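In what follows, residues are counted from 1 in the order of the sequence shown. Each ligand, and each atom within it, is numbered from 1 in the order the structure gives. Bear in mind that the values here come from a model prediction, so they are computed numbers and not experimental data.
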Amino acid sequence: MKPLSSLTDGLVQSEIRAVTARVNAVNGINLGQGICDMPTPDTIKEGAKAAIDQDKSIYTPYDGVPVLKERIMEKVRGFNHIPIQGPGNIMVTAGSTGGFVTAVFALLDPGDEVIQFEPFYGYHSRLLNLRGVKQKALPLHPPAWEVNFDRLETLITPKTKAFILTTPNNPCGKVWSRRELEQLLELMKKHDLYAITDEVYEYMTYDGRRHISLASLDGGFERTITLSSFSKTFNMTGWRLGYATGPEEIIANMGLLSDLFYICAPSPLQYGLAEGFADGPGYYEDLLRDYDTKRTRMCLALEKAGFEVPWPEGAYYVFAGFRPLSGRPGFDDARQACYTLIDRIGVGSIPGSSFYSDPADGRYLLRFCFAKKEDELDEACRRLEGL
Ligand SMILES: Cc1ncc(COP(=O)(O)O)c(C=O)c1O
């Protein structure tokens, strides 16, 4: 038979799924995959049920139902301070992943170069590979994950088209400061570059830090596609709803692609989600308080177990180093350490090697997700403490 498309040559399933299968096989506690398993807010669930009962079941406009777009516009203006002009600057997407796919195809041609910051979210990297985009990465190091802007500038070539930025970051939790974003924007203006920003953890910033959107800075909006999602904010990773914000001509091109790839995001779920915004600011305060408590629990347990723990500034992962444990059997490298924890104590994590272009850079790191129900997280922490 003739060969299948070469597009999938070299494409492998994310390590995250392999870990999930192994943890499930021992009925363990999965701190690997970032699937917050807390309940979706009742207002959203009731809204979606009502929409189903009212047969709101047909294709929606490709860029989302107007009532949801209205809510998103209010949020983008009020929380993110992004200077959107109107609905043409917003598109509802099939999760932020759907937004990233269309952003990459709308902005980048095969052979273009982008610059990422390591450690990075692997889905971004794999999709860019699929599009034939060349990636360069600036490594950031714990505990401060500081950006060396002089080194960053040396990575820019005439083929460079965009930065890919995730703030707050998965896996290391770095929250980009205003000063850092300003410096990045200076480079973007100087070298005529775009940015695609992934801000799905925007509500999870700790120790008084505030999330800042690159697109909110003076001159940032014109050059930035901002992606966000409801997956993490409302505990609904499986609903597949997110959105993109950006200049009208870019969003229009992304819309053409989104229509082609997905037609639209799920209809009744969009109506349900529109209701979730009614819960007001108290919802986000509670969410942050809950995650902050869990962050403390997780970090202290890992420290007690002997890990090096740079406490995350944002998001809901701890990217911890196990070099101090590497003399023990089963802790030679990240994959081995990950499997050792599953086999010995039934706790799943993700090998740090999955977050670097050179896996050796993540050899002594594991990512633990603390977006878990309290009793499960507590049990996982107890097991780690007794390691
Ligand atoms: C940085 C980052 N971006 C995007 C996603 C996926 O988001 P969505 O469910 O909105 O596609 C994740 C999920 O873990 C993530 O960590």
- Query: Is the NZ or CZ atom of Arg367 positioned over Phe355's six-membered ring, under 6.0 angstrom from the centre and within 45° of the axis?
  - Reply: no
Contacts table for ligand 1: protein N or O within a distance under 3.5 Å of ligand N or O, distances only.
from: ligand 1; atom 1: 3 (N); to: Asp198; atom 2: OD1; distance (Å): 3.4
from: ligand 1; atom 1: 3 (N); to: Asp198; atom 2: OD2; distance (Å): 2.5
from: ligand 1; atom 1: 7 (O); to: Ser96; atom 2: OG; distance (Å): 3.1
from: ligand 1; atom 1: 9 (O); to: Ser231; atom 2: OG; distance (Å): 2.6
from: ligand 1; atom 1: 9 (O); to: Arg240; atom 2: NH1; distance (Å): 2.7
from: ligand 1; atom 1: 10 (O); to: Ser96; atom 2: N; distance (Å): 2.7
from: ligand 1; atom 1: 10 (O); to: Ser96; atom 2: OG; distance (Å): 3.0
from: ligand 1; atom 1: 10 (O); to: Ser229; atom 2: OG; distance (Å): 2.6
from: ligand 1; atom 1: 10 (O); to: Ser231; atom 2: OG; distance (Å): 3.3
from: ligand 1; atom 1: 11 (O); to: Ser96; atom 2: N; distance (Å): 3.3
from: ligand 1; atom 1: 11 (O); to: Thr97; atom 2: N; distance (Å): 3.0
from: ligand 1; atom 1: 11 (O); to: Thr97; atom 2: OG1; distance (Å): 2.5
from: ligand 1; atom 1: 11 (O); to: Arg240; atom 2: NH2; distance (Å): 2.7
from: ligand 1; atom 1: 14 (O); to: Tyr201; atom 2: OH; distance (Å): 3.4
from: ligand 1; atom 1: 14 (O); to: Lys232; atom 2: NZ; distance (Å): 2.7
from: ligand 1; atom 1: 16 (O); to: Asn170; atom 2: ND2; distance (Å): 2.7
from: ligand 1; atom 1: 16 (O); to: Tyr201; atom 2: OH; distance (Å): 2.6

- Query: Are Phe105 and Phe261 near enough that their ring centres are under 6.0 Å apart?
  - Reply: yes
- Task: Could you tell me whether Arg209 atom CZ has more than 12 heavy atoms of other residues or ligands within 6.0 Å of it?
- Result: yes
- Would you call Glu186 and Lys190 a salt bridge, using N to O less than 4.0 angstrom? no
- Item | Asp109 side-chain N/O to Asp112 backbone N/O, donor-acceptor pair under 3.5 Å | no
Could you pull out all donor-acceptor pairs under 3.5 Å where a side-chain atom in residues 310-319 meets a protein atom, sequence neighbours excluded?
from: Trp311; atom 1: NE1; to: Glu303; atom 2: OE2; distance (Å): 2.8
from: Glu313; atom 1: OE1; to: Val175; atom 2: N; distance (Å): 2.8
from: Tyr316; atom 1: OH; to: Gly34; atom 2: O; distance (Å): 3.2
from: Tyr316; atom 1: OH; to: Lys232; atom 2: NZ; distance (Å): 3.4
from: Tyr317; atom 1: OH; to: Tyr201; atom 2: OH; distance (Å): 2.5

